[in-house]
Amino acid sequence: MNNNKSELCKARGQYAPKVPATLMNGLKKVVITKGEPTESVADQARIRELFPATYGAPVVNFEVGDVQDVRPLNIGVVLSGGQAPGGHNVIAGVYDGVKSASDKSHVIGFIGGPSGLVNNEYIEITDALMDAYRNMGGFDMIGSGRTKLESEAQFQKCIEVAKQHQLDGIVIIGGDDSNTNAAVLAEYFVAQKVPCAILGCPKTIDGDLKNQHIEASFGFDTASKTYAQLVGNIQRDAASARKYWHFIKLMGRSASHIGLEVALKTQPNYCLVSEEVEAQSRSLTSIVTELADIVTARALEGKNYGVALIPEGLVEFIPEVKALIRELNDALVGVEDEINAQKTVAGKVAIVNKGLTEKSAAVLSSLPEAIQAQLLLDRDPHGNVQVSLIETEKLLIELVAAEVKARGNSQVQFKALNHFFGYEGRCAHPSNFDADYGYALGMSAAVLTQNHLTGYISAVRNLKDGTDKWMAGGIPASMLMNIERRHGEDKPVIQKALVDLNGAAFKHFATHRDAWAKEDAYRYPGPIQFYGPEVLSDAITETLRMGC
Ligand code: FBP
């Protein structure tokens with residue numbers, strides 16, 4: 001436990017998260033109401049077949065009322081995947097929730113993510129430990145990991161662990177893949193008649209775990225506000241120094257929600273939205289041409305500076321690179337040792353080329369060597385390309401510089417700096433929104449456990465309105481499932497939410513971007529405010545405000 005607390009940490013430790021009215025009086029005063037049976041978002045017959053025990057469960061809402069069956073609860077919590085501000089508050093919500101039912105309740109935290117659950121590596125959460133992490137960023141209280149729960153042997157170990165600790169519930173706090181794992185585990189536990197609820201909580205800074213029922217994932221608010229502050233600062237520097245273009249890659253593995261949100265907050269000269277790139281089948285060349293056009297037009301107005309935002313996942317949405325990555329994922333299988341033994345990138349490429357079509361081999365060889373090397377790196381345990389390691393911002397600078405040079409206009413001075421804002425935002429102090437939202441999600445998970453509900457994801461809705469109007473409850477995870485092709489197999493997975501090109505947020509951006517490219521319409525959001533006028537301290541994201 002770190003006792004070297006800054007003044008802000010001390011002050012934030014005292015912050016009491018605001019909770020929806022139904023959760024205000026603890027677990028003894030929350031009853032549930034159940035809606036109609038539900039269906040999955042797609043592939044209903046197949047999902048029903050794969051989740052016979054948990055499919056069709058109703059949406060659950062909470063109401064204030066007296067609970068008859070109040071008992072101590074034991075819950076295990078797991079943090080899964082990338083850090084997101086608000087994670088410690090989910091644990092605090094679970095902790096305070098079960099303690100409000102009985103002071104004999106226990107919470108244990110599994111260490112290092114799902115592997116901690118499988119290997120029974122855990123820590124008892126005490127008052128002192130919990131108090132040290134209330135409203136703090138990061139996941140360092142228990143750590144996180146990306147181990148995929150998929151094998152029967154892992155599930156069996158989870159059962160042994162649940163029985164050993166007499167757990168009433170296990171709460172898996174994660175993104176779409178982790179919540180999918182939670183749903184599969186819930187189904188397995190029911191089939192094996194293990195009376196321990198398995199619940200999910202929507203976490204990810206990427207903002208892509210949302211739908212009609214889950215309005216946002218926690219972490220998106222703080223991360224996008226942190227990046228917006230940094231982008232605003234750079235815009236001011238660019239407008240002051242008037243000598244650099246700044247190419248800024250923003251985290252967000254697949255979807256461009258973060259890029260779009262930051263663009264709405266800061267109004268930069270350029271922002272790519274990967275979903276649009278894919279929808280329009282845009283090539284890398286066309287992106288470079290467009291950027292070079294903007295650089296040139298601004299230079300002719302005497303503005304040899306600007307700011308361009310690039311979503312982290314871009315390369316996977318450019319059709320020719322997407323096809324290349326798909327082929328690489330197969331071509332890399334079985335030749336890892338041979339590739340690792342090669343000392344040069346050219347040597348590695350020569351090996352992998354044997355498994356590529358002529359077109360993809362040509363795309364690979366057209367990329368700078370550093371990018372080739374990054375594309376050949378190992379995939380994460382869920383099979384994802386590690387896009388945070390691919391330096392798309394440098395690639396674009398290199399290609400735009402070459403294009404500008406080829407055009408030969410001496411008025412255009414293209415000097416560019418690259419930035420990647422990713423890890424800077426994932427562990428920031430949670431905004432009030434994420435502190436409140438995470439806490440409410442955790443408490444909701446405790447209520448679901450109290451009611452023996454399994455295979456649910458904690459859900460808090462009406463997030464656009466103040467916390468007093470928030471509605472807490474649970475959504476059956478099977479409702480969010482569809483079948484997708486993963487590693488050559490059809491798998492049930494929670495649908496990832498990409499940017500809706502017909503949504504208000506994207507439309508606002510699309511309407512204004514041409515003006516933003518020419519003028520300096522920069523906005524400077526400044527740092528997250530924790531205190532002071534609510535319009536500042538409790539501001540929600542543009543994405544949420546616009547209902548996207
Ligand atoms: P989750 O989907 O697990 O929330 O992680 C999101 C993320 O922060 C992405 O934005 C990023 O591409 C990735 O994690 C980075 O992964 P790692 O934590 O392994 O560096």
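We count ligands from 1, going down the list as the structure has it; atoms in each ligand are counted the same way. The structure presented is a predicted model; accordingly, all values stated were derived computationally and were not measured.
Just one of E290, E276, E320 meets the salt bridge (Lys or Arg N to Asp or Glu O under 4.0 Å) condition when paired with R282; it is E290.
Looking at T204 against ligand 1, both its backbone and its side chain come within 4.0 Å, counting heavy atoms. When non-hydrogen atoms are compared, ligand 1 lies under 4.0 Å from the side chain of R426 (C-beta onward) but not from its backbone.
Protein heavy atom at the shortest distance from atom 10 (O) of ligand 1 is D206 OD1, 2.6 Å. The nearest heavy-atom contact from the protein to atom 11 (C) of ligand 1 is E312 OE1, 3.5 Å.
Taking the six-membered ring for Trp and thresholds of 30 and 60 degrees, F139 and H88 have ring planes more than 60 degrees apart, a perpendicular arrangement. Between F420 and Y423, the angle of the ring planes goes over 60°, which puts this pair in the perpendicular group of the 30/60° scheme. W516 and H508 have tilted rings, their planes meeting at an angle from 30° to 60° on a 0 to 90° scale.
At least one heavy atom of G82 sits closer than 4.0 Å to an atom of ligand 1.
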**Request:** Before giving the answer on side chain to side chain contact (heavy atoms under 4.5 Å, CB included), spell out for Y439 and D96 the whole-Å C-alpha distance, their side-chain angles and the decisive distance to 0.1 Å.
**Result:** CA-CA 9 Å; Y439 190 79; D96 292 351; 2.5 Å; yes
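Atom numbering of ligand 1 starts at 1 in the shown order; those under 4.0 Å from a heavy atom of Y423 are 15 (C), 17 (P), 20 (O). In summary, the atoms of ligand 1 found under 4.0 Å from a heavy atom of G81, numbered by their order in the structure, are 3 (O). Ligand-side atoms of ligand 1 in range of G252: 10 (O), range being under 4.0 angstrom from any heavy atom.
Residue R146 holds the heavy atom nearest to atom 14 (O) of ligand 1 of all those in R146, K203, K496, M251.
Geometric assessment of R12 against the ring of Y15 yields a positive cation-pi assignment under the 6.0 Å and 45° thresholds.
I214 approaches S458 most closely through the heavy-atom pair CD1-O, 4.1 Å.
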